[in-house]
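When a ligand or atom number is given, it counts from 1 through the structure's own listing order. Every value quoted in this text rests on a predicted model; they were computed, and no experiment measured them.
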Amino acid sequence: MSQKAIAVLTSGGDAPGMNAAVRAVVRTGISKGMKVYGVYRGYNGLLTGDVKELNLRSVSDIIHRGGTVLYTARSEEYNSPAGVKKAADFCRQLNVSGVVVIGGDGSFRGARDLTNEGIPCVAIPGTIDNDIACSEYTIGFDTAMNTAMDMVDKIRDTAQSHDRCSVVEVMGRRCGDIALQTGVAVGAAVILVPEVPFDMDKDVIGRILENKGTGKKHFIIVVAEGVGKVNEIASYVQEKTGIESRATILGHVQRGGSPTLRDRVVASEMGHKAVDLLEQGFGNRVIAMQNGKIVDFDITEALNMKRVFDKNLYDIAHTISI
Ligand code: F6P
């Protein structure tokens, strides 16, 4: 029987720790006697044939590097039945009998479609947003939060010197987890997230005026990308409170940098587990973390789960930022 071959790709927005996951997949696969192909630029690599067999040394010196050595993309062509079929045919040509996909929920849908076309896939949650419902943790989240915290600490220095209010946007289009965690860690006076409706006059201006009344002189407002409008918020705060205000959008700085210990370790565990599942013949699975343990779910089931926002922490943040 010919040697079992698997492939690994990274897809969607990059996240620190993806390289650690790729390394774990390659090394686990090879240690189980498999051939492991790296697929470049997400699903596009399966359409253009941009793949390379990786060896143990191909993934040396990458565990500490941000970004993804396999590059990443959001593939238009793959998002069609014909694209998926073409990718599956290419896998069959290479004798690839399993693919590990590292990315967010868009990438998971791609993995489900490829499995349905006959190529078993196991997906690993890799996104700084922490927006995968089935998993309490996604690779890259810890690094991104720590980067955001460092940046806001610097902004606080200048806000404090000038007695200003700084309104800072962090990433997270549909998910306020980076804003919530960072907001707590920097002692933000206000945290705005897409999951919790708010009233600008009561919940933002009212809070600031109340804190001003007890002697507070500088303020940090952390806003998730999904709420946005940081320039308008800053202007409104200045107009209504008389406190000079500035807006900052942190942007892609949050996606880069050397992964934290947590991201490296979780990525290594998840990468290892993904290959284990493929070896046992499982496909259409997603790796997840539940109660700190690495587990797996059916992808379709995982995609139907609803995320739960940590409203308790959100309330605590507002109770103690007075
Ligand atoms: O999903 C990760 C993420 O960084 C989001 O927080 C953000 O909305 C989006 O990707 C940005 O995507 P792009 O890099 O394509 O601008």
| task | Can you sort out which atoms of ligand 1 are near Gly172, meaning under 4.0 Å from one of its heavy atoms? | result | 6 (O)
| Among protein heavy atoms, which sits nearest to atom 11 (C) of ligand 1, and what does the distance come to when rounded to 0.1 Å? | Arg255 NH1, 3.5 Å
| request: In plain terms, say whether Glu210 and Lys212 are close enough for a salt bridge, that is, a side-chain N and a carboxylate O under 4.0 Å apart. | output: no
| Salt-bridge present (Asp203, Arg207; N to O < 4.0 Å) | no
| field | atom 15 (O) of ligand 1: nearest protein contact (heavy atom, Å) | value | Arg74 NH1, 2.5 Å
| said: Which residue and atom name correspond to the protein heavy atom nearest atom 6 (O) of ligand 1, and how close is it? | reply: Asp129 OD1, 2.7 Å
| query | So does Asp276 pair up with Lys32, basic N to acidic O under 4.0 Å? | reply | yes
| message | Could you check whether any side-chain N or O of Arg255 sits under 3.5 Å from a backbone N or O of Pro16, counting only pairs where one atom can act as donor and the other as acceptor? | response | no
| task | Please check if the side chain of Arg164 supplies one atom and the backbone of Ile243 the other of a donor-acceptor pair under 3.5 Å. | result | no
| Where ligand 1 meets Met171 - atom numbers and elements under 4.0 angstrom, heavy-atom basis | 4 (O), 6 (O)
| field | Shortest protein heavy-atom distance from atom 7 (C) of ligand 1, along with the residue and atom involved | value | Glu225 OE1, 3.4 Å
| note | Per-atom filter on ligand 1: closer than 4.0 angstrom to a heavy atom of Arg173 are 8 (O), 9 (C)
| task | Using the salt bridge (Lys or Arg N to Asp or Glu O under 4.0 Å) rule, take Arg173 and Asp131 through it: C-alpha gap first, then chi angles, then the decisive distance, then the call. | result | CA-CA 9 Å; Arg173 237 184 318 226; Asp131 61 350; over 6 Å; no
| Gln254 and ligand 1 - part of the residue with a heavy-atom distance under 4.0 Å | neither
| query | Looking at His252, which atoms of ligand 1 are within less than 4.0 Å of one of its heavy atoms? | reply | 13 (P), 14 (O), 16 (O)
| message | Assess the residue pair Asp89 and Lys85 against the criterion (salt bridge (Lys or Arg N to Asp or Glu O under 4.0 Å)); give the C-alpha distance rounded to whole Å, side-chain angles, the decisive distance to 0.1 Å, and a yes or no. | response | CA-CA 6 Å; Asp89 287 345; Lys85 169 139 196 335; 3.0 Å; yes
